[in-house]
Amino acid sequence: MFGMEVWQIFAALGVTLFAGFVKGAVGFAMPMIMLSSFASFLPPHQALALLILPTLVTNVMQAFRQGVGAAVGSIKNYRLFIAMIIVFIPISATLVDVIPQPLMYALLGGPIVAFSIWQISGRQIPMPTRHRALTETGLGIVAGLYGGISGIWGPPLIIYLISIDAPKQEAVRILGVVFLTGAIILTGSHLVSGVLNAQTIPLSLLMILPALAGMKLGFKAQDRLDPVRFRWWTLILLGVAGLNLLRRALMG
């Protein structure tokens with residue numbers, strides 16, 4: 001069916017349900033979970049295609065959960081980061097067949113693991129207000145470059161939000177806004193690149209259903225998390241995601 005065995009479709013549905021729950025609970029990790037899991041039983045391009053549309057739809061839910069006004073406020077506050085991913089995702093999407101996958105995973109996974117360990121150990125990386133624009137721009141460029149190639153552009157923003165100690169609700173909302181912006185660009189870019197095509201679009205549409213179901217369950221868990229636990233779980237999941245990317249790099 002559309003180039004997949006029946007067992008592969010059911011496995012993809014299960015992975016997407018779990019990924020949706022995690023995204024609803026902490027605001028991120030859905031593309032990372034989906035890509036790393038899908039890639040174990042699907043070709044890279046198909047794995048990337050399946051996560052694109054559920055990522056787009058769930059980010060609409062996340063970005064506008066507190067209303068349009070709150071989302072617009074987040075866009076204004078993080079406009080530099082958003083501008084960079086808009087510019088650099090289409091650029092890097094054209095390189096999806098050029099850059100070796102193991103190298104990409106290693107360059108992204110290594111810094112993520114190092115940052116997570118540093119933070120969990122109780123150390124902090126302070127973010128001086130006077131350097132915010134420069135840091136936001138730089139991390140936005142990094143996120144955009146990785147996003148077009150892998151569909152993953154969250155870790156640089158998460159690192160930034162943790163460093164400035166953003167409140168839980170604001171952090172989840174801006175993650176949704178930035179992820180939605182990137183998801184729109186990513187969808188358009190891969191309609192052009194051919195990753196989204198007549199064979200992969202129906203399967204990506206199918207993944208929307210479990211993604212939404214998982215996310216609604218995750219929202220309930222998120223509302224029960226206090227800020228300390230939310231930060232701890234964010235760092236744990238960020239570290240796990242980084243380790244998995246390094247595993248993929250070594251296996252590549």
Side-chain angles (χ1 to χ4, degrees), residues 22-32 55-92 108 111-112 115-116 118-119 124-148 151-189 215 218-219 221-223 225-235 237-238 241:
V22 173
K23 181 173 177 59
V26 298
F28 73 101
M30 182 174 170
M32 289 185 285
T55 298
L56 178 67
V57 173
T58 52
N59 282 320
V60 172
M61 289 181 61
Q62 183 173 329
F64 295 99
R65 193 182 182 201
Q66 285 87 37
V68 175
V72 170
S74 292
I75 292 172
K76 291 179 180 178
N77 290 336
Y78 297 87
R79 59 189 178 276
L80 291 175
F81 194 100
I82 293 171
M84 291 305 101
I85 64 171
I86 289 174
V87 171
F88 283 93
I89 282 180
I91 292 173
S92 63
L108 183 58
I112 290 172
F115 176 82
S116 300
W118 184 269
Q119 292 284 310
Q124 300 293 321
I125 299 178
M127 194 69 63
T129 305
R130 66 182 181 276
H131 294 153
R132 173 165 178 165
L134 181 61
T135 304
E136 192 172 319
T137 300
L139 288 175
I141 291 172
V142 172
L145 290 173
Y146 278 107
I152 298 171
W153 57 88
L157 177 58
I158 296 161
I159 289 172
Y160 178 57
L161 292 172
I162 291 173
S163 298
I164 65 173
D165 201 22
K168 179 180 77 168
Q169 193 175 76
E170 179 186 352
V172 173
R173 182 172 60 249
I174 188 57
L175 282 170
V177 170
V178 171
F179 290 166
L180 175 58
T181 304
I184 292 170
I185 303 299
L186 185 72
T187 301
S189 298
M215 195 167 185
F219 278 156
Q222 180 200 132
D223 292 338
L225 286 172
D226 60 55
V228 174
R229 289 185 179 179
F230 176 78
R231 179 185 174 88
W232 189 84
W233 277 111
T234 298
L235 287 168
L237 287 171
L238 189 62

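Bear in mind the structure is a predicted one, so any value in this text is a computation, not a measurement.
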Intermediate values then yes/no, side chain to side chain contact (heavy atoms under 4.5 Å, CB included), Ile174 and Phe81 = CA-CA 10 Å; Ile174 188 57; Phe81 194 100; over 6 Å; no
note = Closest non-hydrogen contact found for Val142 with Pro156 is CG1-CG, 4.1 Å
inquiry  = So Tyr160 and Arg132, do their side chains get closer than 4.5 Å, heavy atoms only?
reply    = yes
query = For Glu136 and Leu80, which heavy atoms make the closest approach, and how far apart are they?
reply = OE2-N, 3.4 Å
message = Quick check on side-chain contact (heavy atoms from CB on, under 4.5 Å): which of Ile82, Ile75, Leu161 does Val178 satisfy it with?
response = Ile82
key: Separation of Met215 CE from Gln62 CD (nearest 0.5 Å)   = 4.5 Å
ask   = OG1 of Thr234 to CD of Gln119: how many Å apart, nearest 0.5 Å?
value = 11.0 Å
note = Here the gap from Ile85 atom CD1 to Phe179 atom CZ, rounded to the nearest 0.5 Å, amounts to 9.0 Å
inquiry  = Is the shortest side-chain heavy-atom distance between Leu56 and Ile184 below 4.5 Å?
reply    = yes
inquiry  = If I take atom CG from residue Leu145 and atom CZ from residue Phe88, how far apart are they, to the nearest 0.5 angstrom?
reply    = 6.0 Å
ask   = Can you tell me how far the CD1 atom of Ile112 sits from the CD1 atom of Ile159, to the nearest 0.5 Å?
value = 6.0 Å
request  = Considering non-hydrogen atoms only, spot the tightest contact between Ser189 and Pro90 and give its length.
outcome  = OG-CA, 3.6 Å
ask   = Between Ser92 and Gly144, which heavy-atom pair has the shortest distance, and what is it?
value = OG-O, 3.0 Å
note = For Ala29 and Val22 the tightest heavy-atom approach is CB-CG1, 3.9 Å
inquiry  = Keeping Arg231 on the side-chain end and Val228 on the backbone end, is there a donor-acceptor pair under 3.5 Å?
reply    = no
message = Just verifying a value: how many Å separate Phe28 CZ and Ile158 CD1, rounded to the nearest 0.5 Å?
response = 4.0 Å
remark   = Those residues at least two apart in sequence (or on a different chain) that pass side chain to side chain donor-acceptor pair (under 3.5 Å) with Glu170 are Tyr78
remark   = Only residue of Gln169, Arg173, Gln222 satisfying side-chain contact (heavy atoms from CB on, under 4.5 Å) with Arg65 is Gln222
ask   = Would you say the side-chain atoms of Lys23 pair up with the backbone N or O of Thr55, donor to acceptor, closer than 3.5 Å?
value = no
